[in-house]
Amino acid sequence: MVNAALVAALVGVPLWAHVAGEPFTITLATRAVIFALAAVGLNLALGLGGLVSLGHAVFFGIGGYAMGILAFHAQNYLPMFPETLAIEGTKSMPVIWLVAVIASALAALVIGLLSLRTAGVYFIMITLAFGQMFYYFTISWSAYGGEDGLSIWVRNGFPGLNTLDPIQFYGLCFTLLCGALWLSHRIARSPFGLMLNAARQVPHRVETVGLDGQRAKLVVFVISGAITGLAGALFADLNRFVSPTMFSWHMSGEIMIFVILGGVARLFGPVAGAVLFVAMEHVLGDLSDYWHIYLGALLLGIVLFARGGVVGLLAGRAKSHD
Amino acid sequence: MSAILIVEQVLNGLQFGVMLFLMAAGLTLIFGVMGLINLAHGSLYMVGAFVAATVAGLTGSFLLALAAAMAAAAMAGAVIEMTVIRRLYHTDHLDQVLATFALILIFSEGTRAIFGSFPLYLDAPALLSGPVTLPLGIEYPRYRLALIAAGLLVALGLWLLIAKTRIGIQIRAGKNDREMIAALGVDIRTLYTFVFALGAALAGLAGALVGAIQSVQVGMGEPVLILAFVVIVIGGIGSIKGAFVGALIVGLTDTLGGIFLPEFFKLFMEPASATQIGASLSSMAIYLLMAAVLIWRPTGLYGVRA
């Protein structure tokens, strides 16, 4: 029920805004959908794998910079690696998405390999530290704008669509979100997903049966990072701007907030959380400059009193998967 | 690259390190005794700095400002311990991360609402201003030297408290077996509140001391908080000795890396790109160091092996 209402709202509200001629509402919805995509990525690692990653901004940022760097070279007609490879930049979304997904998956592989040697608090801290590492690296990387970030003049194109039209860009993002939801549903139901569930709850028993729980966690961490990376590329395209703040630990915290607001390990939890967050940001942000106080209070309330998040509150907490 | 510059930078690194220790000691104590990760520790640092700047502005007394900063941070710590943190001891780390992240949002925005977005300034006391001449004719700011001394004194005091006093015995016992010491008649709730307030007071003191060499502004606690996390992860979570060693390693690496890495790359690269690469690497150096330590010893230098 909750899920159906959510999907109906995500289809209906932007269409209404398109007809009513309110492009700003469509942009807000696009923002929500992109955040939801990032959170769906994190939810795979957090909900299914039990990996509390406080560094998912790394993948979000890598996706963003994949878009920023490729489009920067394309708009300035500067090839990359001029002496050796001379790769042209690109303004084509599918190519950018592919690069973003591959780059963030590779980063997730390396970070996962190192971080999964630890567990518990150490895992939280080391993922946080990797996030900071990328954050400070991009700040000092003056070739691509350093602290000021990179502006891209025109949104990148998708064959057959006019991405400058808000509703068409929204449609693209929404389709990708649906794809990611479908994928994470399939993963959760697959033998691999069941094994991850078991590895999260009783790691020793999984080892005893002869399954490699650690490797499964690494695989799900990589998939998770890749999805969040794709969201980063879309977010950069929405704003036509990338900057080191995409890597900041506040970003990691916010992606985690989307998941928790909605409900951990729920298929639609991250979507509900992201929509609620963007709605609150907009409504409360208008009411008060200090809306983060209310966000903090709400978050405290959910952590202390409503463990299942919003979806858990509305749909009951008996089911661990929708 | 003269010897004077090197000595100066080593002193800067030490000064940074002991201030990090004040933060890290509280974090590691709270984790060791209560098993809680407290992201809001940086907010207590910020509270200390803001209270110190305000009190110093009103009374003109630096010592009074320091005392007020410690008292205010300890009180803020005790209040959040009794209202929020207490409910988190038996939950998993994810809930702790989120609840304390929520506290950061509340503290930061609350401070912004009260003091505005403009930074405040806190002056070092006149007695400690100006340079001091060290042996070999090295001139060094008197205040920074005082910070090193203050940090080392606090470290000594903390060690005495934990190793020699009755409450220290209870804290150490609480680390090992909380049910047992509760059964022996120690009021564990009060002990937890005390430990949390102690950690908060140390954070507040660090904020007030550093506030005199940096501007006092909202969000100042977060970079320090993350560095303090790196410190306790390197040192081993729960170990005060680890926090001390880790803090000095991180302070020295961060300070010396910023100076020497660009110079090092200049040995075999053209100056412009050497500066660039050196600067990038030095900003990442402590995180690389932390990753290396964790790969070598997954529970830190002095951590308990799982």
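- In this structure, A/Arg215 places its CZ atom where only 12 or fewer heavy-atom neighbours from other residues, nucleotides or ligands lie under 6.0 Å away.
- If you measure heavy-atom distances from A/Leu300 to chain B, the contacts under 4.5 Å come from both the backbone and the side chain.
- Proximity to chain A (any heavy atom under 4.5 Å) is restricted, for B/Leu225, to the side chain, taken from C-beta onward.
- Atoms CG and CD1, from B/Leu294 and A/Ile126 in turn, are 4.5 Å apart once rounded to the nearest 0.5 Å.
- For A/Leu298, no part sits under 4.5 Å from any heavy atom of chain B, backbone or side chain.
- Pairing each heavy atom of B/Ala102 with each of A/Gly296, the nearest pair is CB-O, 3.3 Å.
- The neighbour count for B/Phe115 CZ, taken as heavy atoms of other residues, nucleotides or ligands under 6.0 Å away, is above 12.
- B/Leu227 does not touch chain A: none of its heavy atoms, backbone or side chain, sits under 4.5 Å away.
- Contacts with chain B were tallied for A/Leu299, A/Thr138, A/Ile293; A/Ile293 has the most, counting heavy-atom pairs under 4.5 Å.
- Between B/Ala113 and A/Tyr290, the shortest heavy-atom distance links the atoms CA-CZ, 3.5 Å.
- In this structure, B/Met75 places its CE atom where only 12 or fewer heavy-atom neighbours from other residues, nucleotides or ligands lie under 6.0 Å away.
- For B/Ile37, the part lying near chain A is the side chain, with the backbone staying farther off; criterion is any non-hydrogen pair under 4.5 Å.
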Task: Residues B/Met290, A/Met125; criterion side chain to side chain contact (heavy atoms under 4.5 Å, CB included); working and verdict - done: CA-CA 10 Å; B/Met290 166 174 159; A/Met125 303 289 165; 4.3 Å; yes
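- When heavy atoms are compared at a cutoff of 4.5 Å, B/Phe107 does not approach chain A at all.
- Of the two parts of A/Val52, only the side chain, counted from C-beta on, holds a non-hydrogen atom closer than 4.5 Å to a non-hydrogen atom of chain B.
- For a residue to count as touching a neighbouring chain, one of its non-hydrogen atoms must lie under 4.5 Å from one of that chain's; by this rule A/Tyr294 does not touch chain B.
- With rounding to the nearest 0.5 Å, the separation of OH in A/Tyr136 from CE in B/Met284 is 12.5 Å.
- Two residues are said to be in side-chain contact when any heavy atoms from C-beta on lie closer than 4.5 Å; A/Leu304 and B/Leu88 meet this criterion.
- Residue B/Val97 comes nearest to A/Met256 through the heavy atom pair CG1-SD, 4.2 Å, listed as atom of the first residue, atom of the second, then distance.
- Between the side chain of B/Tyr287 and the backbone N or O of A/Gln132, no donor-acceptor pair lies under 3.5 Å.
- Most heavy-atom pairs under 4.5 Å with chain A, from the set B/Val233, B/Leu39, B/Leu94: that is B/Leu94.
- Atom CD1 of B/Ile232 is separated from atom OH of A/Tyr122 by 8.0 Å, given to the nearest 0.5 angstrom.
- With ring centers used as reference points, B/Phe101 lies under 6.0 Å from A/Trp249.
- Proximity to chain B is absent for every atom of A/Ile139, based on heavy atoms less than 4.5 angstrom apart.
- The neighbour count for A/Glu147 CD, taken as heavy atoms of other residues, nucleotides or ligands under 6.0 Å away, does not exceed 12.
- B/Leu98 is listed as a side-chain neighbour of A/Ile257, based on a closest heavy-atom distance under 4.5 Å.
- In this structure, the side chains of A/Arg117 and B/Trp296 stay at 4.5 Å or more apart for every pair of heavy atoms.
- By the 4.5 Å heavy-atom criterion applied to side chains, B/Glu222 and A/His250 are counted as neighbours.
- Proximity to chain B (any heavy atom under 4.5 Å) is restricted, for A/Ile124, to the side chain, taken from C-beta onward.
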